[in-house]
Number of protein chains: 2
Amino acid sequence: MNKSKKVTIHDIAKRLNVTASTVSRSLNNNPRISDKTKKRVLKMAKELNYKPNSIASALRNGKTQIIGLLVPLIDRAFFSSIVRGVEQVAEGFNYHVIVSQSYENLENEKKALKAFLNTQVDGVLVSISKTTTDISHLQDVVESGIPLILFDRSIPQLQADQVVIDDYQGGYEATTHLIEQGCKRIVHFTTGRDLSIYKERYRGYADALAYHGVALDESLVLSANSQLEDGRKHAENLLKNNIDFDAIFSASDFCALGAMQVLKENGIKIPEEVAIVGFSNEPFTSFTEPSISSVNQYPIEMGKTVANLFFDALNTGKDVLPKKTVIQPKLIIRESSLRNK
Amino acid sequence: MNKSKKVTIHDIAKRLNVTASTVSRSLNNNPRISDKTKKRVLKMAKELNYKPNSIASALRNGKTQIIGLLVPLIDRAFFSSIVRGVEQVAEGFNYHVIVSQSYENLENEKKALKAFLNTQVDGVLVSISKTTTDISHLQDVVESGIPLILFDRSIPQLQADQVVIDDYQGGYEATTHLIEQGCKRIVHFTTGRDLSIYKERYRGYADALAYHGVALDESLVLSANSQLEDGRKHAENLLKNNIDFDAIFSASDFCALGAMQVLKENGIKIPEEVAIVGFSNEPFTSFTEPSISSVNQYPIEMGKTVANLFFDALNTGKDVLPKKTVIQPKLIIRESSLRNK
DNA sequence: TTTTTTTGCTCAATGCATTGCACAACTTAT
DNA sequence: ATAAGTTGTGCAATGCATTGAGCAAAAAAA
């Protein structure tokens with residue numbers, strides 16, 4: 001054992017023949033303490049290598065200076081960039097970030113939130129899992145009195161700040177782009193779950209078709225699970241059943257990639273015969289061959305926005321009405337959808 | 001405000017006409033308390049919806065139940081899998097994991113470790129950044145008395161538990177495989193920094209060449225920075241300078257990809273003209289065309305091992321000698337290096 | 001029955017920083 | 001010179017759970 005007993009404000013106080021109160025006030029720059037005393041305290045603190053015990057402060061003033069951040073999967077570029085954005089802002093406020101993953105599973109999500117509350121984080125930032133149906137655990141967070149901010153995958157009916165991208169716009173842009181490339185029979189990969197982001201992307205898809213006078217064929221709208229495998233299966237089925245299609249707008253990059261693999265294996269030319277657009281702008285989309293067009297969600301900005309909303313909420317009471325922030329996405333056009341070069 | 005005053009053990013005590021001590025001991029299943037009392041306490045605790053104040057416990061027994069995990073970059077599949085492994089083990093011990101990133105920068109690394117100590121984590125798990133030269137900040141952690149475990153990128157001279165993969169073996173296997181594919185002029189991408197993992201991979205490369213009687217040409221050993229761009233530049237230079245080579249063994253998947261892109265752009269056939277093997281088994285290596293052979297480091301297992309070492313250290317004192325655990329990697333052979341199909 | 005042991009609980013201190021209140025010393029106003 | 005205000009610090013309680021020591025009552029042993 002080499003922990004040579006932690007230095008406390010009492011140790012400093014003793015050395016200076018003052019009380020711990022004076023030391024505490026000096027360190028907190030309280031105006032009631034004379035500059036002379038403050039200086040002496042600061043000097044002694046440095047001399048003894050005093051480190052404030054954050055646990056004791058936390059116990060006293062109920063703030064742990066920790067934010068709980070819960071994402072479905074951290075190895076998705078989108079979410080790890082969110083983490084990055086949140087961390088950047090938090091650092092400026094001297095806050096720490098605890099990251100947990102739900103692995104797209106409601107039970108894990110509940111556990112993680114409980115753990116957050118248990119650790120007494122000062123706020124919770126969540127992107128819900130795809131399997132999240134009831135929201136009682138989120139309600140619990142709200143009721144515990146700490147700020148809750150949802151991002152990306154939001155729950156409109158929940159009384160909490162939310163940050164989302166304009167998924168409708170993303171879907172609309174992607175689809176419009178495909179139409180402009182001359183596509184008429186555009187397959188859409190969405191998800192079976194009723195996450196609003198996927199519904200919105202679908203709405204954008206449907207509206208873009210309508211606006212350009214292209215008939216919406218519901219048999220071209222397929223539910224997937226955001227995994228590469230799902231994209232592969234759908235593509236295989238489309239081919240097997242001889243479905244006529246000339247484009248795919250996938251709400252997930254991974255699905256888009258899976259489908260592209262199968263199409264290529266079957267000698268189908270991309271983008272000439274089938275044009276493809278994904279969603280999320282995962283880094284790998286620029287590594288594939290052809291590179292995959294995708295919708296950039298600006299995750300770092302989203303992370304920053306989310307963190308800032310938290311700090312806002314921390315200052316203002318939470319009697320304020322929930323704020324909803326919408327970030328504009330942008331279609332990144334790559335080889336998989338660019339026909340007229 | 002709807003936080004209706006936190007329930008404490010004193011509230012439970014009052015209701016049951018016992019003292020807080022009794023309640024505390026009951027909740028901790030202390031043998032000195034009768035089963036009857038324990039049951040009454042547990043029942044009342046549930047009734048009042050009591051949640052233990054972990055901060056108060058932390059203050060009392062000096063354990064926060066939090067592990068600090070520091071990685072260079074969380075969006076590398078290798079590291080996010082490490083996180084996953086650590087979390088899985090930690091959960092079983094009712095521990096939380098705080099993840100921070102150094103972004104491959106020494107200053108960030110120092111800051112993050114300070115933040116960990118400040119939060120009073122019970123242990124620190126670190127993979128150092130590439131720019132880490134002095135180790136005083138790590139020494140500080142050791143001296144603070146909490147367990148420190150290094151993983152992947154280790155510092156042999158530091159008195160701390162370390163978990164690494166057998167990078168030598170990985171380098172040896174990869175190189176041998178290339179030789180077996182008939183390659184004689186094997187380029188090696190390493191890194192300029194003196195991280196032991198890269199040195200070991202290089203050693204494996206050199207020894208494999210020697211063992212198979214292939215001359216080591218130092219002009220084929222190139223320093224890169226693990227970025228896609230570096231791989232591109234090196235490949236461009238190799239071509240521009242008309243260097244004779246028929247394979248690349250890259251210590252980084254990203255570099256391998258960059259080089260492959262350039263080679264393909266120049267009409268060079270892979271693996272027929274140049275065979276390629278990367279390192280880390282990033283998911284994208286199976287998405288590219290051709291898919292890239294790579295060395296799997298079993299990161300989830302590594303994460304688990306690291307976490308387990310921490311819990312070992314937590315129980316045994318830290319007077320024990322530092323342990324070094326080595327995990328065996330495995331070469332995953334894909335299209336980019338398989339000539340004789 | 002008396003002594004010893006065990007059982008079951010209470011008391012009070014501890015971990016450390018924070019803060020309302022009190023009070024003395026000093027300054028300024030009257 | 002006295003009343004009133006200001007300044008600088010100390011006192012003691014607070015936040016909550018934990019734990020060694022102590023003590024009374026009940027059970028077991030002598």
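In the text below, chain A, chain B and the rest are named by the order of the sequence lines, each starting its count at 1. All heavy atoms count here, side chains included; hydrogens, waters and symmetry mates do not.
With sequence neighbours excluded, the residues that form a side chain to side chain contact (heavy atoms under 4.5 Å, CB included) with Ile300(A) are Ser81(A), Arg84(A), Lys304(A). Residues satisfying the salt bridge (charged side-chain N to carboxylate O under 4.0 Å, His left out) criterion with Lys14(B), sequence neighbours excluded, are absent altogether. Take Arg153(B) and apply the salt bridge (charged side-chain N to carboxylate O under 4.0 Å, His left out) test, not counting sequence neighbours, and it matches Glu104(B). With sequence neighbours excluded, the residues forming a side chain to side chain contact (heavy atoms under 4.5 Å, CB included) with Ser57(B) are Asn61(B), listed by chain and number. The side chain to side chain contact (heavy atoms under 4.5 Å, CB included) check on Pro31(A) picks up nothing, with sequence neighbours excluded.
The separation between Leu59(A) atom CG and dC16(C) atom P is 12 Å, rounded to whole Å. For the pair Gln120(A) CD and dA17(D) C1', the interatomic distance rounds to 12 Å; values are reported in whole Å. Computed from coordinates, the His10(A) NE2 to dT9(D) P distance equals 17 Å when rounded to whole Å. One can place CG of Asn53(B) at 17 Å from P of dA17(C), the figure rounded to the nearest angstrom. Whole-Å rounding puts the Lys6(A) NZ to dG15(C) C1' distance at 11 Å. To the nearest angstrom, P of dT18(C) lies 11 Å from CG of Asn30(A). Remark: P of dT19(C) and CG of Asn29(A) are 14 Å apart, rounded to the nearest angstrom. Between the CZ atom of Arg60(A) and the C1' atom of dA17(D) there is a distance of 16 Å, given to the nearest Å.
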Report task. Would you give a per-nucleotide map of nucleotides 6-12 of chain C, 5' to 3', where B means the base has a protein non-hydrogen atom under 4.0 Å away, S means only the sugar-phosphate does, and - means neither? Result -> -BBSBBB
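At the heavy-atom level, Thr8(B) lies under 4.0 Å from the strands shown only through sugar-phosphate atoms. Within the 4.0 angstrom heavy-atom criterion, only backbone atoms of the sugar-phosphate kind lie near Asn28(B); the bases stay farther away.
Atom NZ of Lys111(A) is surrounded by 12 or fewer heavy atoms from other residues, nucleotides or ligands within 6.0 Å.
The closest side-chain heavy-atom distance from Asp152(A) to Val164(A) is not below 4.5 Å.
With the end axes of the helix from dT1(C)-dA30(D) to dT30(C)-dA1(D) each set by five pairs, the angle from one to the other reads 50° at 10° resolution.
Note on Tyr50(A): a side-chain N or O is less than 4.0 Å away from OP1 or OP2 of dA17(C).
Counting only residues at least two apart or in different chains, salt bridge (charged side-chain N to carboxylate O under 4.0 Å, His left out) contacts with residues 114-129 of chain B are absent. Sorted by first then second residue, the side chain to side chain donor-acceptor pair (under 3.5 Å) pairs that include residues 40-50 of chain B, not counting sequence neighbours, are Asn49(B)-Lys51(B).
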